[in-house]
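Down below is the structure, laid out as structure tokens.
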Amino acid sequence: MTAIEILSWPFKQESINQINNKEQFLNYPVIYVLNGNKEAYIGETVYFKNRMKAHLKGRKNIKQVNLIKHEQFNRSATFHLETKLINYFLGDEKYTLQNKSKMASDFTHNYYNKSYYDQQLFKELWQKLHEQKLVDNELHVIENKDIFKLSPFKELSLEQLELKDKVLEFCEKRVTQNTGEYGSLLVIEGEAGVGKSVVLSSIFNTIQERVEEASSDLYSTENYLVVNHEEMFKTYKDIAKQVKHLKGKNFAKPTPLINTLHKEERKADIIFVDEAHLLLTKPDTYNNFHGNNHLEELMKLAKVVVIIYDQNQVLKLKSLWGAAILEELKKLSTFHEEYQLTNQFRMQANDDVINWINEFKHKNLMPLPKDKNYEFKVFESMKDMHDVIKAKNTKHGLSRVVSTFDYLHKKDGGTYYVKEPSGEYQLPWNTTSTKYTWAEKAETVHEAGSIYTIQGFDLNYVGVVLGPSVQYDTVKDEIIIDTSKYMDKGAYTGMDGIENVNEAKEKIVLNSINILMKRGIKGLYIYSSDEALRNKLLEYQKAGE
């Protein structure tokens with residue numbers, strides 16, 4: 001079978017003119033990469049020479065044309081591979097991409113022998129690009145990067161595309177009609193792992209492309225993507241560096257943006273909020289937020305607000321979102337709509353595994369589920385679990401141990417440690433970096449992460465340490481949450497106005513466990529420091545063997 005070929009020319013009119021008109025690729029599906037010193041553009045066409053002439057007229061900062069051809073290319077395959085290349089080039093980080101988002105009408109459909117092009121042929125293509133120094137990283141390195149997973153060019157599901165169309169329509173319509181004190185509000189709900197952040201990244205990129213199009217209703221609008229999560233904020237800023245139509249200044253954390261807009265006495269047009277369940281619902285003078293509710297303030301400061309929200313991911317009492325609070329804010333908005341995302345994308349697990357985690361979240365301990373495609377296992381020691389995680393990390397990458405927030409009292413020389421009850425085995429816990437997201441640092445395979453280092457991100461395999469706050473009552477046959485042993489003191493500030501404080505605290509702890517357990521794409525491992533819970537889990541595991 002013929003191998004992939006890459007032909008290269010200088011990005012000049014005379015180079016394109018000299019291409020022999022008898023060349024078969026001139027009227028055949030091909031892919032091409034245009035690159036300069038710092039920027040690149042990826043495309044596909046069946047009229048290569050004409051397309052290059054068009055690019056010569058309008059595309060800047062390009063020095064070289066690279067044509068990719070193969071005798072088994074067809075239009076569906078080149079369209080699919082073009083989309084895939086754009087995503088991997090973004091994750092490679094060698095070039096800033098000049099590409100624009102694809103529309104719903106450009107959805108990459110299924111086609112004959114798609115798996116061959118998607119896997120075998122793409123690997124061969126990437127290897128050729130690597131040999132010619134058009135890319136820097138191997139595929140598996142890119143696949144474990146957060147910016148690759150949140151790429152605005154990701155191929156979306158039909159459900160996600162439908163949502164994207166609805167959001168774009170909502171924004172274009174409401175941004176020109178809003179005249180009230182409060183902006184219009186679109187609430188997108190969905191549990192962990194349904195692809196909320198991926199679709200939001202795609203939507204925001206398209207919005208920012210239209211900001212530059214004079215024919216668009218969004219032309220010259222001022223828009224922001226807000227996230228109250230340091231690790232995700234870093235990832236979005238990194239994406240902005242690699243995408244031509246995104247700028248770092250359009251990504252913000254809520255309190256600084258609110259304070260800036262108030263100080264400058266101006267309004268934004270559209271504000272998108274990822275992980276809106278992390279927004280504050282009470283004043284936080286320590287962090288310089290003096291309003292009553294982040295979302296309410298944002299609605300006063302924008303014509304349109306679009307939020308991604310999951311009530312089961314609230315981690316602090318001062319961010320405790322009840323249905324009543326959200327309903328009141330919907331009533332204040334000039335206009336509001338809701339949308340539910342339902343399909344699980346992160347976990348390659350069956351419904352039995354998802355249901356087991358959901359039951360645990362409600363303090364019900366069920367027999368362990370079976371799934372031949374998803375590795376679910378409990379361990380007798382933390383060391384054994386950590387050893388397996390390290391082996392998985394060597395083979396698959398991005399495998400980490402994480403823990404409930406139970407270990408602040410275990411301080412030693414400035415470092416916190418997750419420890420087994422016996423004290424025989426320990427791991428450094430909850431380290432942070434201003435530059436890198438926690439899981440992307442190679443050395444963190446020797447540590448344990450917290451809810452704050454991992455929320456919103458994927459792992460291939462996750463090992464969850466359930467600390468002393470998570471216990472099992474053998475008489476009642478149920479999970480017990482000892483909120484006094486949950487050491488995230490910041491999670492419990494802001495009790496005023498909460499009727500049942502202990503119930504609210506329990507919800508915070510159970511939400512954190514739910515998030516930790518739903519990080520793993522390929523597998524979930526559990527170690528419990530509570531002996532009764534550990535024994536019950538091991539009993540269930542043995543019974544199922």
Side-chain angles (χ1 to χ4, degrees), residues 140 143-146 149-150 191-195 197 229 231-232 235 310 312-313 315 344-350 352-361 368-369 371 373-407 418 425 427-431 437-467 470 509-529 533-534 537 541:
H140 72 275
E143 287 161 359
N144 285 331
K145 286 187 175 184
D146 290 324
K149 293 175 180 179
L150 281 183
E191 284 207 353
V194 297
S197 296
H229 185 299
E231 300 290 302
M232 291 199 76
T235 299
D310 177 7
N312 293 313
Q313 293 198 53
L315 297 173
Q344 174 67 237
F345 288 102
R346 176 184 295 123
M347 299 175 68
Q348 295 171 2
N350 61 25
D352 291 342
V353 174
I354 306 297
N355 291 337
W356 189 92
I357 298 172
N358 290 339
E359 286 297 322
F360 198 102
K361 182 178 68 183
L368 266 59
D371 186 343
N373 298 314
Y374 190 83
E375 198 169 341
F376 189 7
K377 188 176 179 182
V378 295
F379 287 82
E380 196 161 353
S381 78
M382 188 168 75
K383 181 183 184 305
D384 289 346
M385 183 174 78
H386 188 212
D387 286 344
V388 174
I389 283 290
K390 286 187 287 186
K392 292 293 184 184
N393 188 66
T394 300
K395 186 174 181 181
H396 302 279
L398 212 62
S399 301
R400 297 289 186 273
V401 172
V402 296
S403 170
T404 50
F405 218 100
D406 293 351
Y407 294 95
V418 172
Y425 197 74
L427 293 172
W429 180 71
N430 197 33
T431 66
T437 54
W438 177 79
E440 286 195 334
K441 293 191 295 179
E443 61 269 25
T444 58
V445 72
H446 304 295
E447 303 174 2
S450 80
I451 189 65
Y452 298 113
T453 54
I454 208 64
Q455 184 175 28
F457 296 112
D458 297 346
L459 294 169
N460 288 324
Y461 291 86
V462 62
V464 177
V465 177
L466 298 174
V470 192
V509 179
L510 290 164
N511 280 353
S512 72
I513 295 167
N514 180 59
I515 293 165
L516 294 177
M517 287 186 178
K518 288 180 177 175
R519 292 306 99 192
I521 298 170
K522 302 173 188 232
L524 164 64
Y525 305 140
I526 296 174
Y527 166 76
S528 170
S529 64
L533 178 55
R534 182 167 69 251
L537 287 166
Q541 180 163 274

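Residues: numbered from 1 along the sequence shown.
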Does any part of the side chain of [Y], heavy atoms only, come nearer than 4.5 Å to the side chain of [X], both counted from C-beta?
X: V509; Y: I513; answer: yes
X: L368; Y: L537; answer: yes
X: L466; Y: F360; answer: yes
X: V388; Y: K392; answer: yes
X: N514; Y: I357; answer: yes
X: Y525; Y: V401; answer: no
X: D371; Y: F376; answer: no
X: N373; Y: N350; answer: no

Mind checking the [atom1]-[atom2] spacing from [X] to [Y]? Nearest 0.5 Å is all I need.
X: L459; Y: N144; atom1: CG; atom2: CG; result: 9.5 Å
X: D458; Y: K518; atom1: CG; atom2: NZ; result: 14.0 Å
X: M347; Y: M517; atom1: CE; atom2: CE; result: 10.0 Å
X: I521; Y: Q348; atom1: CD1; atom2: CD; result: 6.5 Å
X: R400; Y: N460; atom1: CZ; atom2: CG; result: 9.5 Å
X: I515; Y: I454; atom1: CD1; atom2: CD1; result: 11.5 Å

Provide the closest heavy-atom pair for [X] versus [Y] in the form atom of the first, atom of the second, distance.
X: M385; Y: Y527; answer: SD-N, 3.7 Å
X: S512; Y: I451; answer: O-CD1, 3.7 Å
X: G467; Y: S529; answer: C-OG, 3.1 Å
X: W438; Y: A448; answer: CZ2-C, 3.6 Å
X: W429; Y: G449; answer: NE1-O, 3.5 Å
X: E380; Y: R534; answer: O-CD, 3.5 Å

Practice task
Look only at the side chain of S399 and the backbone of G397, and say whether a donor-acceptor pair between them is shorter than 3.5 Å.
Solution key: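 At least one qualifying donor-acceptor pair exists.
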
Does atom CD of E359 have more than 12 heavy-atom neighbours, drawn from other residues, nucleotides or ligands, at distances under 6.0 Å?
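For E359, atom CD is crowded (more than 12 foreign heavy atoms under 6.0 Å).
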
Is E447 salt-bridged to K441, going by a charged N under 4.0 Å from an acidic O?
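A salt bridge is absent here (no side-chain N lies under 4.0 Å from a carboxylate O).
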
Geometric class of the H396/Y461 ring pair [parallel <30°, tilted 30-60°, perpendicular >60°]:
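It falls in the tilted class, 30° to 60°.
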
Requested in this report: Under the side-chain contact (heavy atoms from CB on, under 4.5 Å) rule, what do L398 and K149 come out as? Steps first, then yes or no, please.
Outcome: CA-CA 12 Å; L398 212 62; K149 293 175 180 179; 2.8 Å; yes

